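Input: a single structure, listed below in structure tokens.
Order of appearance sets the numbers: ligands from 1, and atoms from 1 within every ligand. For the numbers below, each heavy atom of this structure counts, side chains included, while hydrogens, waters and symmetry mates do not. Keep in mind the model is a prediction, meaning the values are calculated, not measured.
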Amino acid sequence: MERIRIRHSLSLAACLAVVVSLLLPAALHSQTAAPAAPSLLLGAAWYPEQWPESRWEADLTLMQQAGIHMVRVGEFAWSRMEPAEGQYDLDWLDRAVTLAARHGIYTVLGTPSAAPPAWLTQKYPETLRMEENGRRAEHGNRQQFDFANAKYRELARKIAEQMAKRFGHNPNVLGWQIDNEYAEESYGADDKAQFQQWLQARYATLDNLNERWTTAYWSQTYSSWDQIPIETRYGNPGLLLSWKRFVSDTWRSYQKNQLEVIRANSDSRQFITTNMMGWFDGFDHYTVSQDLDFAAWDDYVGQGHLDPARNGAAHDLTRGFKRKNFWVMETQPGFVNWAPVNNSLDKGEVRAMAWHDVGHGADTVSYWQWRSALNGQEEYHGTLVGADGTPVPLYSEIAQIGKEFAKAGPALADTAPKSEVAILHSYDSRWAINWQRHNKSYDPVEEIISYYKPLRAVSQSIDVIAPTAPLNQYKLVVAPGLNVLSDEAAKNLIEYVRQGGHLVLGQRSGMKNDDNGLQPERQPGPLVDLLGGRVEQYYALVDPVPVEGKWGSSESKLWAELLSANDKDKDSGVEVLERYGKSNGWLDGQPAVITRKVGKGRITYVGVWLDDAGMAAAAKWMTEVSGVKPALGPVPDGVDVYPRYGQREAVYILVNFSHAAQTVSLPSSMQDVLEGGSKHSVTLPVYGVAILSAGR
Ligand code: GAL
């Protein structure tokens with residue numbers, strides 16, 4: 001019934017939109033009331049341009065039957081929208097949007113700039129990006145454009161403007177995705193000139209740049225801006241970091257170029273986002289997210305199965321870009337086509353993953369893709385219907401998700417995760433470590449996850465945020481590998497501890513300044529005084545070294561930091577929590593973890609990368625000493641809890657990722673959102689899901 005009502009009101013809205021668009025000027029147009037979209041959206045990437053129009057109705061009917069309420073359309077359809085320069089054809093897209101609306105399906109429009117047409121790159125070859133080896137990209141794939149090229153931006157802006165003028169007031173268009181997965185940099189002469197200008201704006205004088213990069217080293221001193229090269233791997237650390245910051249700013253301005261023209265021509269209710277890629281570090285996502293309404297990402301497992309902690313951390317990372325709920329703009333319908341082995345997720349796993357997404361704060365889960373093009377690079381990718389246009393086996397699971405989203409949507413409307421624990425994440429630090437790993441196995445994302453996993457198991461909710469984000473809501477803030485520590489971030493952290501928070505710094509933290517140069521105080525740089533101790537020496541490890549203390553006996557792998565503690569002075573309050581056992585002589589018996597109470601706050605430095613048992617003990621101590629409580633209460637191993645809070649209600653999503661059925665007893669009686677009734681406990685089969693709500 002509910003769905004039929006939505007459908008009718010939508011088709012009416014669609015008709016109205018057409019009439020209004022013919023009769024009214026744009027200013028009045030923007031006042032057209034938008035029908036409210038479901039709060040939880042199930043979606044699919046749909047490519048109507050790849051099919052005869054006569055097929056659309058059948059596709060949309062199948063989508064509607066699966067409870068799909070959103071299609072993302074258009075992001076690779078430039079050659080259909082502008083078959084020759086300046087000849088725009090958006091009528092087909094309008095018909096697709098209108099037909100989708102008749103099936104209760106809203107559209108998200110992708111601007112097509114990730115795939116320029118052949119006429120464009122033929123006519124303007126300078127728009128093709130230059131690879132690092134000096135070779136120009138060619139037509140025949142996608143992302144062949146130069147992100148800094150003025151002509152390309154002009155043409156991309158024009159098509160975005162045409163789209164916005166046509167659809168910016170269409171009530172069936174929910175919002176916009178700009179481009180698709182920003183990734184490819186360009187290294188041509190013009191890119192380099194722009195980089196040099198960017199450096200000039202940042203450093204003002206060459207003397208300043210030379211000093212901050214210590215270019216006296218290896219005779220790198222620059223006497224003219226145009227001498228400065230692009231380096232991406234082995235260059236001066238200041239140069240490397242500057243290039244990445246330039247790339248981030250360039251993606252931001254690339255995005256702004258389209259975003260501004262869309263904003264100028266659309267209703268404010270239409271959102272603007274882009275689809276990012278989890279841990280991908282090609283640019284600083286905090287920089288690029290600034291201008292978006294919310295963040296979105298493409299969540300693919302690839303080979304193997306969902307690792308809820310690792311994937312969950314990527315969700316929380318994405319939520320942290322704007323510190324609000326986000327969208328899963330693409331996810332795999334069973335399997336992909338680009339992993340070494342493209343195995344399928346198990347029966348039930350796709351549904352479990354969808355609820356895991358929502359639990360972490362996704363308000364939309366959208367599958368890529370509805371149906372494979374009959375030719376093209378992705379023929380083998382998982383879909384929801386087959387080459388013949390009829391449902392594949394997974395379709396019924398998607399339809400189940402559709403039903404459940406409709407049922408749970410109202411309870412989850414206006415709810416979001418909220419955490420007592422934050423993990424700090426910085427691109428500067430990840431880049432800096434990756435350029436000079438010192439131990440080839442030292443992966444900064446793995447380091448983050450080694451904290452995330454046990455901390456999440458205890459607290460059941462974690463925010464992953466930038467080191468300059470507001471911290472006052474957190475009882476515990478953990479900074480694994482915060483290698484580059486800007487003055488602004490240091491101030492934020494010091495203030496946090498002074499206000500009564502508990503800051504935990506992990507290995508390699510506070511080593512570098514904002515130019516990727518060494519902090520002269522040694523680690524943790526500007527936080528040495530607050531800590532009452534410092535890192536005397538770091539050691540890359542071939543074999544793990546033993547560690548003992550308050551967290552039991554454990555081992556540090558890959559890396560060990562010899563700490564000094566100003567604990568001779570009894571008033572300093574520095575406590576040694578862990579010491580190294582017998583290892584390389586230098587470390588033997590020396591402090592490995594120290595902590596210090598500062599007023600009501602606390603600062604802890606962890607110089608070790610502990611094994612799983614050690615990290616679990618560490619997480620237990622950190623949360624206990626900071627007063628962090630689990631969001632719901634104890635649950636069996638392998639059951640994930642995801643709290644989302646509204647004004648008056650808390651909703652807990654439970655998913656069983658273990659290999660056996662599990663029973664969870666609830667701390668109080670709760671409403672079972674999917675099954676109805678009030679429950680004191682729930683039993684979840686493998687990949688089972690329960691959604692429970694309770695007053696706050
Ligand atoms: C994404 C991309 C999609 C599709 C998908 C396949 O990275 O945005 O267009 O290629 O991968 O997994």
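- At a heavy-atom cutoff of 4.0 Å, ligand 1 is contacted by the side chain of His381 but not by its backbone.
- Heavy atoms of Arg142 approach ligand 1 to within less than 4.0 angstrom.
- Close contacts between ligand 1 and Phe76 involve ligand atoms 9 (O) [criterion: under 4.0 Å to a heavy atom].
- Scanning the protein for heavy atoms near atom 5 (C) of ligand 1, the closest one is Tyr300 OH, 3.4 Å.
- For the atom pair CG (Leu99) and CG (Asn172), the distance works out to 11.0 Å, reported to the nearest 0.5 Å.
- Of the heavy atoms in Glu378, only side-chain atoms (C-beta onward) come closer than 4.0 Å to ligand 1.
- Atoms of ligand 1 lying under 4.0 Å from any heavy atom of Asp298, numbered from 1 in the order shown and given with element: 8 (O).
- Counting only N and O atoms by type, the side chains of Tyr187 and Glu185 include a donor and acceptor under 3.5 Å apart.
- Between His285 and Tyr427, the angle of the ring planes stays under 30°, which puts this pair in the parallel group of the 30/60° scheme.
- For Trp338 and His381, the gap between ring centers reaches or exceeds 6.0 Å.
- The side-chain heavy atoms of Val288 and Tyr182, taken from C-beta on, include a pair separated by under 4.5 Å.
- Contact annotation for Met277 and ligand 1: no heavy atom of the residue comes within less than 4.0 Å of the ligand.
- Within ligand 1, the atoms closer than 4.0 Å to a non-hydrogen atom of Asn180 are 2 (C), 8 (O), numbered from 1 in the order shown.
- The closest protein non-hydrogen atom to atom 7 (O) of ligand 1 is Glu181 OE1, 2.5 Å.
- Taking the ring centre of Trp92 as origin, the terminal cationic atom of Arg80 falls inside the region bounded by 6.0 Å and 45° from the ring axis.
- Crowding of Lys244 atom NZ: a count of heavy atoms from other residues, nucleotides or ligands under 6.0 Å exceeding 12.
- Closest protein heavy atom to atom 2 (C) of ligand 1: Glu330 OE1, 3.3 Å.
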